Amino acid sequence: MSFVNGLICRECGHEYPKQAIHVCEFCFGPLEVDYDYEKIAKNISRAKIQKRDYSIWRYKELLPIDDSPTVGTSVGYTPLIKADNLAAVLGVGELYIKNDAVCYPTLSFKDRVVSVALSKAKEFGFETVSCASTGNLANSVSALSASAGLQSYIFIPNDLEQSKIVGTTIYKTNLIEVNGHYDDVNRLCSEIAGSFGWGFVNINLRPYYAEGSKSFAYEFIEQMGWKVPQNVVIPMASGSLLTKIWKAINEFHKIGLIDSFATKVFGAQAKGCSPISTAVKNKWEIFKPQKPDTIAKSISIGNPADGYYAMKAIKDSGGWSEDVTDPEIIEGIKLLAETEGIFTETAGGVTVAVTKKLLQNNQINKNESILISITGNGLKTQEPLINEIDMPHTINANIEEFKDLYNIITNNSKEDMKKCLP
Ligand SMILES: *Cc1c(COP(=O)(O)O)cnc(C)c1O
Ligand SMILES: [Zn+2]
């Protein structure tokens, strides 16, 4: 049974039948999936959802495919952690981490969007899929198309981390590095999409792809006992994830799965690529594109496709946005690792550091519940940490050498403790 009427223009409301297009031919506005919410409300309930498998497809009525999913059937339902250690350091009472650093199969939230996009691509009959990526999307499209038996062409900027490249080519794809930033890659891909007849997950399949992000919010709401945190901090690249989290919360309310809520969404960016947060902080109506220069490459989009809608969601919810420097990002990664035992990538460092800053600036009330969205895994972005972390102690296989070392280590920590005493 399908709950999708078709596509609808976000700007002029013009309706289109289901097809692989993403731009309105009347006003050039972006197209969005149009659901029959009355029908969904009649067909879905908490009890029904709770009986299903633990994946994004628990919420399949709110995802835009017509038949059963065929790609990424095990994706999603990542852990929600009550982060009491980090809460104590930040001086807040109720703090949660939604941990997509362990999303299946490629360790980022992009597995959510790609399983929806490729399930839809199969329904449309595409045999070749493609994407423009900052790294994590490349990993996910490559892995999930391998398992789905689809051919793939993946386009990335030429400055990505080693793990993002190995974690793409290992699945046997066609990986094309384009000289330039993501925005150059994206521009090229828009041209290619027009002439090659492929399913481009974030271009002509974008309306379907983007809906996959909603599952991140459906899950944390269910995991919190059908409650919504009062503050949600979200990293922004194109701004799609933030926009869709806000949409998901509103949908759950609209179809009666949750009562009224008072939730603010907060956007997190790196200072070296902060078109959306700069616009929010200056109260501009539109953002100014930037040339990215930051270690947070996975969220380096200088001309964000959903930037305008992300700004609107932030404003409508009463939230705010911040950006942090590269040293602050590294501090954020370390803080999360040392307090909660979670190793996140640079984008997660951005989100943790921005949360800290929003608390310091009283943009988030420390007495309210807060959820930090961790979207990617630290093993994929090790380069900027190499000179910032402790190196191993090296000894020979000799107990005396270890005893000497042990004395040094314990004396050092006694010194550290003395420093901490009042
Ligand atoms: C892609 C990505 C984001 C943000 O994506 P949007 O384009 O804003 O939806 C956040 N974190 C990580 C790790 C990503 O790879
Ligand atoms: Zn339109």
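This chain uses plain numbering: 1 for the first residue, then up along the sequence. These numbers come from a predicted model, not from an experiment.
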Sequence-distant partners of V23, side-chain contact (heavy atoms from CB on, under 4.5 Å), two or more places apart: F28

Listed partners of F266 passing ring-ring contact (aromatic ring centres under 6.0 Å, His included), at least two apart: none

side-chain hydrogen bond (donor to acceptor under 3.5 Å, both in side chains) partners of Y182, counting only residues at least two apart: N202

ring-ring contact (aromatic ring centres under 6.0 Å, His included) partners of H14, counting only residues at least two apart: Y16, F26

Pairs satisfying side-chain hydrogen bond (donor to acceptor under 3.5 Å, both in side chains), at least one member in residues 94-106, at least two apart: T78-K98, T78-D100, E94-Y96, K98-E219, K98-Q223, D100-R112, T106-D111

Test: R206 and D306 ion pair at under 4.0 Å: yes

Counterpart residues, ring-ring contact (aromatic ring centres under 6.0 Å, His included), relative to Y35 (two or more places apart): Y37

Any pair counted as salt bridge (charged side-chain N to carboxylate O under 4.0 Å, His left out), so long as it reaches residues 251-266, sequence neighbours left out: K214-E251

Short side-chain to backbone donor-acceptor contact, D323 and K271, under 3.5 Å: no

Whether Y218 and Y59 hold their rings parallel, tilted or perpendicular, with breakpoints at 30° and 60°: tilted

Residues forming a ring-ring contact (aromatic ring centres under 6.0 Å, His included) with Y77, sequence neighbours excluded: Y54

Counterpart residues, side-chain contact (heavy atoms from CB on, under 4.5 Å), relative to D84 (two or more places apart): K82

Side-chain donor/acceptor of T134 to backbone N/O of S298, under 3.5 Å: yes

Reported CD-to-CD distance for the pair E161 and E345, which is rounded to 0.5 angstrom: 7.0 Å

Partner residues of K122 under the side-chain contact (heavy atoms from CB on, under 4.5 Å) criterion, sequence neighbours left out: T70, V71, A148, L150

Results of side-chain hydrogen bond (donor to acceptor under 3.5 Å, both in side chains) for T243 - residues two or more places apart only: none

Residue list, salt bridge (Lys or Arg N to Asp or Glu O under 4.0 Å) with E15, at least two apart or on another chain: none

Cation-pi, Y308 ring and K312 (6.0 angstrom, 45 degrees): no

